[in-house]
Amino acid sequence: MSATANQSGGGGQATLEGLGRALVQHRVMRVDQAMAVQKEAIEARTPFVDALIAGGHLKAAELAKFASQAFGHPLLDLAALDMANLPKDLLDSKLAHETRVVPLGKRGNKISVALSDPTDFQMLDRIKFSAQAGVDVIVVEHDKLLKFIEANSRSTSDKLSDLADDDLDVDVVQDDGSSNNADAAAEVDDAPIVKFLQKVLMDAIQMGASDIHMEPYEKFYRIRFRIDGELREIAQPPVAIKEKLASRIKVISRLDISEKRVPQDGRMKLVLSGNRAIDFRVSTLPTLFGEKIVMRILDPSSAKLGIDALGYDPEQKEALLEAVHRPYGMVLVTGPTGSGKTVSLYTCLNILNEPGVNIATAEDPAEINLPGINQVNVNDKAGLTFAAALKSFLRQDPDVIMVGEIRDLETADIAIKAAQTGHMVMSTLHTNDAPTTLTRLMNMGVAPFNIASSIILITAQRLGRRLCSCKEPHELDDEALLKAGFRESDLDGSWQAYKPVGCDRCSGSGYKGRVGIYQVMPISEEIQRIILSNGTAMDIAAQAEREGVNDLRRSGLIKVMQGHTSIEEVLGVTNE
């Protein structure tokens, strides 16, 4: 631990908080070092102490010793504790896991908790409120704390039943608001199956999964989670449970449990402690050895992250915000399934969602419920298509219209006419990049004049995996960098490429979280001329490049230069 830290730029302390501020005040770190760690923690959405330890600025033991001395709290070695002898009911187990503390005991009206950052006062207030008691802080080493909590959550056999009895309630979301069919539920109300399903759902949420796959095969049954875009096998439960598990999921999703020959789609909700609800979109598919079930996790909080959290570069963010605040026109978001198009659209809608704005959306289905926005589920069987919903919207005095996807000429025509008659229209298309979106609309039969006069901006996007804080420098020669797509001007030595390593925090993958890669293309007058003259996607792309629009590969390489992701990840997701 450095004993001499130059406090250059002392004015920066005003923006430092908690542990970072204390480290600077005690001359353990320089202001610029602490600010850099704080910025990294904010960008990765991780606690300051995680970024500090993972970045190698301080060892866990050094930090624990400093925190103990600086704040006057006792220091404890967690390795000396016997997990079996710890009190079980001092603190809600879920809260202890979320706040990363270990309850040690209670004396009078105070509980003792082990933690690594004694300056996290918001966390301490949560504990005080939950326990209705004061808190005595015991400082422990951060790495030992994380291992202890992980081992404790694996070994607590009664945790699942606690969750099932106290914290969880699985409800189906229905159009009529009615409750589950009690008779049908009773048929599959097998306690072990109920607990197992709730355990799977909770694990998926805690691990940050986007999808849950339950797959039956001839000799085994497999459960996989899609985490950061990558499928990982989580468990292989007994094959014998596949029928009961499928029936349980069908009941709470209001599907027909007797129908196993055709695919079905449903929805269910997991209510956590009364203050947070997460929806699951459920899809069943008959396979050779039973029904495969995929559940998409729809977390409403993802739509409220704010545009800064999506990872747009400053110029891209400015262009997008300028476009969505226009009184009329069309903004299109394009990319493959799972590239974050829906979250981008919902984020834009959230920005526009004000009392003086009438917003209507047609989706298949509505993934995230946003209060203040009129959301309609498309139902092709009942005749409620995207085109039919759009026609109805135009009689509902809308300001902003969002169409889940433009799939056919009729929907495209109505959407474009709405954009031309004083409405802001947002939608998605499945194309590879922004320029090909325009030629795709032409191929659908939309007149070039209508395209040029209505569309004001197209953004194409991909999601790459974000490097975990355990990343290491990746030294590459200039030839390899140029082959990857870097420019000669980029090879000035002012930036460092990184590669994945793997640690406990990222489960050994080297990646934690996602980073957005975007191509934001405003439709300029020159691009309009190319459209009107039936130009190709290559002509449009060349003009966009001349106007300073970065393509997906270039945007990805900029993320590499910023240290957010690896070259291999960018090459994989842009694949040009």
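No hydrogens, no waters, no symmetry mates; every other heavy atom, side chains included, goes into these values.
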Do the non-hydrogen side-chain atoms of [X] and [Y] ever get within less than 4.5 Å of each other?
{"X": "Leu104", "Y": "Asp136", "result": "no"}
{"X": "Asp490", "Y": "Leu557", "result": "no"}
{"X": "Thr119", "Y": "Phe48", "result": "no"}
{"X": "Ser555", "Y": "Gln316", "result": "yes"}
{"X": "His474", "Y": "Val560", "result": "no"}
{"X": "Leu321", "Y": "Lys317", "result": "yes"}
{"X": "Val28", "Y": "Leu58", "result": "yes"}
{"X": "Val49", "Y": "Arg100", "result": "yes"}

Could you tabulate the donor-acceptor pairs under 3.5 Å formed by side-chain atoms of residues 333-340, not counting sequence neighbours?
from   : atom 1 : to     : atom 2 : distance (Å)
Thr334 : OG1    : Leu429 : O      : 3.0
Thr334 : OG1    : Thr431 : N      : 3.0
Thr334 : OG1    : Thr431 : O      : 3.1
Thr334 : OG1    : Thr431 : OG1    : 2.4
Ser339 : OG     : Pro336 : O      : 2.7

Task: Qualifying residues under ring pair (Phe, Tyr, Trp, His ring centres under 6.0 Å), relative to Tyr312, sequence neighbours excluded - done: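 If we apply the ring pair (Phe, Tyr, Trp, His ring centres under 6.0 Å) test to Tyr312, skipping adjacent residues, the hits are Tyr518.
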
Tell me whether the count of non-hydrogen atoms from other residues, nucleotides or ligands lying under 6.0 Å of [atom1] in [X] goes above 12.
{"X": "Gln562", "atom1": "CD", "value": "yes"}
{"X": "Asn432", "atom1": "CG", "value": "no"}
{"X": "Glu545", "atom1": "CD", "value": "no"}

Mind checking the [atom1]-[atom2] spacing from [X] to [Y]? Nearest 0.5 Å is all I need.
{"X": "Gln122", "Y": "Leu124", "atom1": "CD", "atom2": "CG", "value": "10.5 Å"}
{"X": "Met202", "Y": "Gln198", "atom1": "CE", "atom2": "CD", "value": "9.5 Å"}
{"X": "Asp313", "Y": "Arg554", "atom1": "CG", "atom2": "CZ", "value": "10.0 Å"}
{"X": "Asp125", "Y": "Asp120", "atom1": "CG", "atom2": "CG", "value": "9.5 Å"}
{"X": "Leu349", "Y": "Ser344", "atom1": "CG", "atom2": "OG", "value": "11.0 Å"}
{"X": "Asp279", "Y": "Ile297", "atom1": "CG", "atom2": "CD1", "value": "11.0 Å"}

Salt-bridge contact [X]-[Y] (side-chain N to carboxylate O under 4.0 Å):
{"X": "Asp32", "Y": "Arg30", "value": "yes"}
{"X": "Asp50", "Y": "Lys512", "value": "no"}
{"X": "Arg553", "Y": "Asp433", "value": "no"}
{"X": "Arg281", "Y": "Asp211", "value": "no"}

Open item on the list: Below 30° counts as parallel, above 60° as perpendicular, anything between as tilted: where do the rings of His26 and Phe66 land?
Closed with: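 Rings of His26 and Phe66: perpendicular, over 60°.
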
Is the backbone of [Y] close enough, under 3.5 Å, to the side chain of [X] for a donor and an acceptor to pair up by distance?
{"X": "Asp492", "Y": "Ser494", "answer": "yes"}
{"X": "Lys106", "Y": "Ala133", "answer": "no"}
{"X": "Asn550", "Y": "Gly556", "answer": "no"}
{"X": "Lys559", "Y": "Gly464", "answer": "no"}

Which atom pair, heavy atoms only, marks the closest approach of [X] to [Y]?
{"X": "Thr574", "Y": "Leu552", "value": "CG2-O, 3.6 Å"}
{"X": "Cys470", "Y": "Gly510", "value": "SG-CA, 4.4 Å"}
{"X": "Tyr498", "Y": "Pro473", "value": "CD2-N, 3.7 Å"}
{"X": "Glu141", "Y": "Ala60", "value": "CG-O, 4.0 Å"}
{"X": "Val139", "Y": "His73", "value": "CG2-CB, 3.7 Å"}
{"X": "Ala114", "Y": "Val140", "value": "CB-CG1, 3.8 Å"}

TODO: Take Leu115 and Met123, measure what side-chain contact (heavy atoms from CB on, under 4.5 Å) needs, and give me the verdict at the end.
DONE: CA-CA 10 Å; Leu115 48 79; Met123 174 262 288; 3.8 Å; yes

Open item on the list: Under a plain distance cut-off of 3.5 Å, with no hydrogens placed, do His142 and Asp117 share a side-chain donor-acceptor pair?
Closed with: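 No, because no side-chain N or O of Asp117 sits under 3.5 Å from a partner of the opposite role on His142.
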
May I have the list of side-chain donor-acceptor pairs in residues 222-236 shorter than 3.5 Å, sequence neighbours left out?
from   : atom 1 : to     : atom 2 : distance (Å)
Arg222 : NE     : Glu215 : OE1    : 2.9
Arg222 : NH2    : Glu215 : OE1    : 3.0
Arg222 : NH2    : Tyr217 : OH     : 3.0
Arg224 : NE     : Glu215 : OE1    : 3.0
Arg224 : NH2    : Glu215 : OE1    : 3.4
Arg224 : NH2    : Glu215 : OE2    : 2.7
Arg226 : NH1    : Gly229 : O      : 3.0
Asp228 : OD1    : Gly513 : N      : 3.2
Asp228 : OD2    : Gly513 : N      : 2.9
Glu230 : OE2    : Arg465 : NH1    : 3.4
Glu233 : OE2    : Gln236 : NE2    : 2.8

TODO: Could you give me the CA-CA distance, side-chain angles and deciding distance for Leu201 and Met295, then say whether side-chain contact (heavy atoms from CB on, under 4.5 Å) is met?
DONE: CA-CA 9 Å; Leu201 298 181; Met295 293 187 279; 3.8 Å; yes

Task: Steps toward side-chain contact (heavy atoms from CB on, under 4.5 Å) verdict (Leu298, Thr342) - done: CA-CA 11 Å; Leu298 309 172; Thr342 301; over 6 Å; no

Task: Audit row: Val343, Gln461, side-chain contact (heavy atoms from CB on, under 4.5 Å) steps and yes/no - done: CA-CA 11 Å; Val343 170; Gln461 63 186 72; over 6 Å; no

